[in-house]
Amino acid sequence: MDHPTMTVRTRFAPSPTGYLHIGGARTALFNWLYARKHGGRFVLRIEDTDRERSTTESVNVILEAMAWLGLDYDEGPVYQSERFPRYREVIQRLLEEGRAYYCYCTKEELDEMRQAQMERKQKPRYDGRCRHRKAPREGVSPVVRFRNPDEGAVIIDDLVRGRVVFQNQELDDLIIARSDGTPTYNLTVVVDDLDMGMSHVIRGDDHLNNTPRQINIMRALGGEPPDYAHVPMILGEDGARLSKRHGAVSVLEYRDQGYLPEALLNYLVRLGWAHGDQEVFSIDEMIELFDIKDVNKSASTFNPAKLLWLNHHYIMHSDPLHVAHHLRWHLGQLGIDPEAGGPDPVDVVAAQRERCKTLREMAESSLFFYRDFEQYDEKAAKKNLKQAALEPLKKLHQQFQALQNWEPESLHQVVLDTAQSLDLKLGKVAQPLRVALSGGAVSPPIDVTLYLLGKEVVSARLARAIKYIEKNSSTP
RNA sequence: GUCCCCAUCGUCUAGUCGGCCUAGGACACAGCCCUUUCAAGGCUGCGACACGGGUUCGAAUCCCGUUGGGGACGCCA
């Protein structure tokens with residue numbers, strides 16, 4: 001099976017008509033993993049033969065998403081729009097060899113035919129009425145159809161589905177060139193998979209039905225079909241195919257929401273594939289353990305909650321340096337330049353990672369480290385910044401100003417001592433302090449928060465809080 | 001409608017050739033513990049072999065059917 005002489009070549013072939021979605025990303029991942037595992041080559045091909053719908057903007061978004069995911073390709077991107085001469089040549093050859101013919105049927109005629117077939121409860125398919133037409137029809141620019149075999153069957157030994165058999169009678173003569181001469185999908189895929197020497201075609205389940213047609217064209221061209229692997233679809237929570245209405249489906253949207261690429265990859269690889277009870281896989285482990293033959297046959301439902309859990313896991317357990325790299329980007333999105341002042345993002349990551357499931361969330365709840373908050377959280381202030389907090393805060397203010405070494409341990413001791421000396425429970429001191437410093441009721445542990453903020457900022461914010469209490473709790 | 005495919009907890013899944021499965025893990029959910037906030041962490045609980053027939057000493061695992069779901073049927077890819 002795995003001939004050492006035969007190098008594995010896989011490809012990801014999106015059509016640039018939108019963003020890179022979750023399902024496409026998983027297909028890309030599977031292809032990438034398979035190539036990497038076998039020391040093969042991974043090719044990126046842009047299927048932009050439909051000029052109406054393809055945009056360069058969409059190409060850029062796809063490339064950006066691939067780069068963010070870290071799915072690097074060894075060849076490409078190859079643009080099908082640049083290979084039209086080659087497709088024309090192949091179409092011409094099929095025409096000359098009688099494997100294809102011109103069809104002059106109008107769209108109206110075809111619609112009629114289909115409708116009639118539907119009414120007869122038949123599968124709508126082209127009946128081949130132009131197969132033997134000799135003369136062109138006036139005023140109609142023809143399409144080219146592939147002449148599909150009438151008899152026999154196409155057997156596909158799919159790497160994930162097993163053997164699937166299609167009767168040629170079920171297939172019709174599909175269009176391989178539009179009336180404007182441009183090639184269609186089923187032709188370009190075949191030509192490219194052959195020309196590019198693909199050894200394995202790993203793609204979505206929705207292409208399973210196209211496969212026998214493609215194999216027939218390949219054979220007509222004298223080519224040997226690659227191995228196919230049709231991976232199951234990803235469904236939304238309502239059981240329908242995953243789409244925009246199920247929430248975020250674009251890869252870059254996940255980036256923007258604060259997901260780590262490795263978390264998304266890890267989630268995706270576990271959709272339809274498992275290795276025992278293991279849930280977390282590093283990229284290297286995926287490459288080592290993944291095998292397309294182990295992919296499940298059934299569709300799986302996209303579960304955002306589990307992705308979120310994985311993301312949190314990666315935030316907590318990855319190298320803080322790495323997480324900080326991504327956090328910087330998110331801080332930047334919020335208009336913060338961490339280089340311009342404030343704590344090192346690496347320290348922020350260490351302080352925040354338990355309580356933030358996304359980097360976006362972490363960036364947002366870390367804003368107070370980098371700039372003054374506008375106002376106190378209403379509830380938190382009402383509960384904590386009241387008369388009773390005045391004395392503790394004043395005392396803390398003094399103590400901190402007098403403190404020589406600004407370290408978490410000594411800061412911790414100050415808070416402890418203050419509470420003790422005032423005969424208060426720790427919460428009565430720490431919580432008002434937290435609100436004074438962060439503006440809200442939630443922050444990293446108070447000593448860490450103090451430490452990261454620095455003496456100057458702590459002093460200023462305490463002064464602000466004291467003033468706030470004095471102003472607000474003075475009864476008129 | 002026709003063809004193709006699929007079927008284990010709410011979700012992702014484990015379940016090597018049928019026995020070790022009174023079906024395991026993870027997410028979610030609930031409760032308890034820990035606790036200076038929020039978390040994190042620990043423990044416990046809830047919860048599935050779609051249904052009906054076979055085959056067999058024995059089936060989640062094999063066969064058939066039913067039902068349910070998905071996909072394809074385009075001068076889209």
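Protein chains get the first letters and strands the later ones, always in sequence-line order, with residue 1 at the start of each.
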**OP:** For B/rA77, take OP1 and OP2 only and decide whether either is under 4.0 Å from a side-chain N or O of A/Thr184.
**Re:** no
**OP:** In whole angstrom, give me the gap between the P atoms of B/rC57 and B/rU66.
**Re:** 28 Å
**OP:** Please state whether the rings of A/Trp273 and A/Phe281 are parallel, tilted or perpendicular, taking 30° and 60° as the class boundaries.
**Re:** tilted
Subject >> N or O in side chain of A/Arg241 less than 4.0 angstrom from B/rA72 OP1/OP2 >> reply: yes
Subject >> A/Tyr126 six-ring centre to A/Arg145 NZ/CZ under 6.0 Å and within 45° of normal >> reply: yes
Original post:
Any side-chain donor paired with an acceptor under 3.5 Å for A/Thr449 and A/Ser443?
Top reply: yes
Subject >> Donor/acceptor link under 3.5 angstrom from A/Asp206 side chain onto base of B/rA77 >> reply: no
Original post:
With both distances under 3.5 angstrom, what nucleotide forms a Watson-Crick or G-U wobble pair with B/rC34?
Top reply: none
Original post:
Looking across every strand, which nucleic acid part, if any, lies under 4.0 Å from A/Glu170 by heavy atom: base, sugar-phosphate, or nothing?
Top reply: sugar-phosphate
Subject >> Under-4.0 Å side-chain N/O to phosphate OP1/OP2 contact, A/Thr301 with B/rC12 >> reply: yes
Subject >> Check: A/Phe12 ring centre within less than 6.0 Å of A/Phe42 ring centre >> reply: no
Original post:
Should A/Arg114 be listed as having a side-chain N or O under 4.0 Å from OP1 or OP2 of B/rC73?
Top reply: no
**OP:** Tell me which of A/Asp180 and A/His317 sits closer to the 5' end of RNA chain B, going by the nucleotide each one is nearest to.
**Re:** A/His317
Original post:
Of A/Thr106 and A/Arg26, whose closest RNA chain B nucleotide lies nearer the 5' terminus?
Top reply: A/Arg26
Original post:
Looking for any heavy atom pair under 4.0 Å, which part of the strands does A/Val143 touch: base, sugar-phosphate only, or nothing?
Top reply: base
Original post:
Could you run down nucleotides 18-24 of chain B 5' to 3' and tag each one B, S or - for protein heavy-atom contact under 4.0 Å?
Top reply: ------B
Original post:
When the distance from CG of A/Asn168 to P of B/rU2 is rounded to whole Å, what number comes out?
Top reply: 21 Å
**OP:** Would you check, one step at a time, whether the test salt bridge (charged side-chain N to carboxylate O under 4.0 Å, His left out) holds for A/Glu109 with A/Arg137?
**Re:** CA-CA 14 Å; A/Glu109 287 173 315; A/Arg137 215 201 299 199; 2.8 Å; yes
**OP:** Determine the Euclidean distance between corresponding P atoms of B/rU8 and B/rC63; express it in Å to zero decimal places.
**Re:** 16 Å
**OP:** Between protein and nucleotides 29-39 of chain B, map the contacts as a letter string: B base, S sugar-phosphate only, - none, heavy atoms under 4.0 Å, written 5' to 3'.
**Re:** -------BBBB
Original post:
Between the side chains of A/Asn148 and A/Asp173, is a donor N or O closer than 3.5 angstrom to an acceptor N or O?
Top reply: no
Original post:
What's the CG-C1' distance between A/Leu268 and B/rA26, to the nearest Å?
Top reply: 17 Å
**OP:** Can you tell me, in whole Å, how much space there is between the P of B/rA40 and that of B/rG47?
**Re:** 25 Å
Original post:
Is the shortest distance from a Lys or Arg side-chain nitrogen in A/Asp172 or A/Lys123 to a carboxylate oxygen in the other one below 4.0 Å?
Top reply: no
Give me the distances for all protein-to-nucleotides 6-8 of chain B N/O pairs that come in under 3.5 Å?
none

Subject >> Over-ring placement of A/Arg161 relative to A/Tyr228, 6.0 Å and 45° cut-offs >> reply: no
Original post:
Starting at CG of A/Asn296 and ending at P of B/rC5, how long is that distance when rounded to a whole Å?
Top reply: 17 Å
